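One-based numbering along the sequence shown. Basis for what follows: all heavy atoms, side chains included, without hydrogens, waters or symmetry-related copies. Just so it is clear, the model here is predicted, and its values are computed rather than measured.
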Amino acid sequence: MTTSALPLPPQTAVVSPPVDALDVEAVRRDFPILRQTVRGKPLVYLDNAATTQKPRAVIGTISEFYRNENASVHRGVHFLSQQATFAFERARGRIGKFLNAGDSSEIIFVRGATEGINLVANGYGRPTVGPGDEIIISHMEHHSNIVPWQMLCEEKGATLRVIPVDDGGELVLEEYERLLGDRTRLVAVTHASNALGTVNPIEQMIATAHARGVPVLIDGAQGVPHMRVDVRQLDCDFYVFSGHKLFGPTGIGVLYGKRNLLDDMEPYQGGGSMIKSVTLEKTTFADVPTKFEAGTPNIAGAVGLAAAIDYVNDIGLDRIERYESTLLDYATQRLEEVPGLRFIGTAPEKVSVISFVMGDAHPHDIGTILDAEGIAIRTGHHCAQPLMQRYQVAATARASLAFYNTRSEIDALVNALFKVNEVLG
């Protein structure tokens with residue numbers, strides 16, 4: 001195909017902008033990294049499902065902690081240790097309130113959603129799952145919610161059962177209900193797909209599992225950045241998320257667990273802090289949550305995550321959700337104009353994640369050309385290789401949006417994708 005035969009990108013949008021209650025330009029001023037240029041072009045950051053950027057409130061809070069409060073938490077009698085302990089435990093309380101946990105002791109600090117899932121697999125799964133038992137996951141899970149359960153099933157002689165995904169990217173709930181049985185010991189499913197954007201009906205799925213006496217873990221890494229999460233309303237048994245996807249620091253995450261389950265679980269790691277007493281013959285473990293937080297924790301990370309949650313709460317999760325929904329609709333309509341572009345995942349209920357392929361163009365080539373235009377997207381299998389196999393693609397290009405993204409950035413993406421057709425056509 002010659003360049004002259006290609007259609008030109010439309011210069012204006014096909015939909016008129018709605019009234020926007022969110023002052024996006026004011027929000028963008030809170031994120032210093034968004035002001036930079038990349039390869040001589042203004043940065044257009046559309047890789048938020050991988051990690052989000054950090055507002056000055058988070059950056060400043062972390063800096064302030066290290067400047068004025070840094071010390072090891074718990075047990076210290078000196079002033080700085082008391083200050084650090086107060087900041088650390090106050091962060092736990094704020095995060096508990098954010099999720100509407102029954103008590104702050106139900107909040108366990110981990111490195112991220114991955115470690116939270118592994119903690120449950122080891123602390124709850126290993127004593128509970130035996131030969132012939134079953135664990136249910138879905139076909140759209142991130143590797144972090146597949147591999148730990150595979151490892152556990154292999155060790156215990158159990159079976160991993162998988163909820164199928166239909167062509168549009170929705171779970172087949174009839175099959176889910178059929179999979180639940182007397183040998184089901186746990187359901188572990190994502191709140192929202194990082195590769196498709198699909199929002200799963202987890203409240204319904206939890207109720208279905210609980211009717212059979214089966215506990216449920218929710219991978220909320222893509223849930224909490226985009227919607228309000230109430231763990232008591234959901235009635236989930238475990239919920240995990242990563243701070244860096246919620247405009248907070250890397251290396252910090254949260255495992256929420258119902259207190260009765262956490263009390264009965266064994267620690268995942270041993271070491272300092274997580275004990276009541278140690279002799280050379282026997283160790284007595286501390287109470288929840290301390291027994292799951294061996295070693296010196298990521299104190300600054302916890303404080304920074306609490307600051308990120310305060311920032312999001314100040315803006316308003318409802319406003320964020322409305323704005324991102326509008327932006328997703330706009331992006332979807334604009335991307336439909338790109339010749340040869342095919343969406344992977346078209347569920348009606350989605351967070352602001354758009355995966356696509358373009359004819360024979362390799363997603364890595366798409367990403368490279370967009371990078372030359374200053375546009376950051378993600379290309380690859382998105383740690384969801386079974387899902388890629390389900391759709392018979394090796395990889396996709398993924399644009400994932402946050403509340404600091406704009407319509408003009410979507411227009412820049414669309415124009416750049418027309419350029420991809422010019423270069424690769």
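Between the side chain of Ser138 and the main chain of Val189, no donor-acceptor pair closer than 3.5 Å is present. A donor-acceptor pair is defined here as one N or O able to donate and one able to accept, closer than 3.5 Å; such a pair exists between the side chain of Thr190 and the backbone of Ala192. Panel note: side chain Ser242, backbone Gly253; no donor-acceptor pair is recorded below 3.5 Å. Listed for the Ser63 side chain is no donor-acceptor partner under 3.5 Å among the backbone atoms of Ile59. Panel note: side chain Glu175, backbone Ile163; no donor-acceptor pair is recorded below 3.5 Å. A distance-only check finds a donor-acceptor pair linking the side chain of Lys291 to the backbone of Leu262 [under 3.5 Å]. Proximity of a side-chain donor or acceptor of Asp133 to a complementary backbone N or O of Ala158 within less than 3.5 Å is not detected. Checking side-chain atoms of Tyr256 against main-chain N and O of Leu99 turns up no donor-acceptor pair under 3.5 Å. Counting only distance, with no hydrogens or angles, the side chain of Lys97 and the backbone of Ser104 share no donor-acceptor pair below 3.5 Å. Using a distance-only test at 3.5 Å, with no hydrogens or angles considered, no donor-acceptor pair links the side chain of Arg94 to the main chain of Asp310.
Shown here is Glu349, whose CD atom has no more than 12 heavy atoms of other residues, nucleotides or ligands within 6.0 Å. Atom NZ of Lys156 has more than 12 neighbouring heavy atoms from other residues, nucleotides or ligands inside a 6.0 Å radius.
Between Phe241 and Leu305 the shortest side-chain heavy-atom distance falls below 4.5 Å. Under the 4.5 Å side-chain criterion, counting only non-hydrogen atoms from C-beta, His143 is in contact with His381. Residues Asn100 and Gln233 have side chains not in contact (no heavy-atom distance under 4.5 Å, counting atoms from C-beta outward). With a 4.5 Å cut-off on side-chain heavy atoms, Thr379 and Thr396 do not count as touching. Here the side chains of Leu246 and Phe98 are in contact, with some heavy-atom distance below 4.5 Å.
Taking the six-membered ring where tryptophan is involved, the planes of Phe247 and Phe31 are perpendicular, since the angle between them exceeds 60° and thus also 30°.
Using modelled atom types, one finds no donor on one side chain facing an acceptor on the other under 3.5 Å when comparing Ser400 with Arg378. If you check the side chains of Thr114 and Ser144, you find a donor sitting under 3.5 Å from an acceptor. Between the side chains of Thr61 and Glu64, no donor-acceptor pair is found at a separation under 3.5 Å.
Checked against the 6.0 Å centroid threshold, His191 and His226 do not count as a close aromatic pair.
A salt bridge (Lys or Arg N to Asp or Glu O under 4.0 Å) check over residues 294-309, counting only residues at least two apart or in different chains, returns nothing. For residues 99-117, every residue pair satisfying the salt bridge (Lys or Arg N to Asp or Glu O under 4.0 Å) rule, not counting sequence neighbours, is listed here: Arg111-Glu115.
Listed here is the closest heavy atom pair of Gly169 and Leu196: CA-CD1, 3.8 Å. Pairing each heavy atom of Ala307 with each of Ala57, the nearest pair is CB-O, 4.2 Å. The two atoms that bring Asn405 and Leu401 nearest to each other are OD1-CA, 3.4 Å, heavy atoms only. The two atoms that bring Arg319 and Asp23 nearest to each other are NH2-N, 4.2 Å, heavy atoms only.
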Could you go through residues 210-225 and list every donor-acceptor pair under 3.5 Å that involves a side-chain atom there, pairing it with any protein atom two or more places apart or in another chain?
from   : atom 1 : to     : atom 2 : distance (Å)
His210 : ND1    : Asp235 : OD2    : 3.1
His210 : NE2    : Asp237 : OD2    : 2.7
Arg212 : NH1    : Leu180 : O      : 3.4
Asp219 : OD1    : Ala221 : N      : 3.1
Gln222 : NE2    : Ala49  : O      : 2.9

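Using a 4.0 Å cut-off between a side-chain N of Lys or Arg and a carboxylate O of Asp or Glu, Arg390 and Asp167 qualify as a salt bridge.
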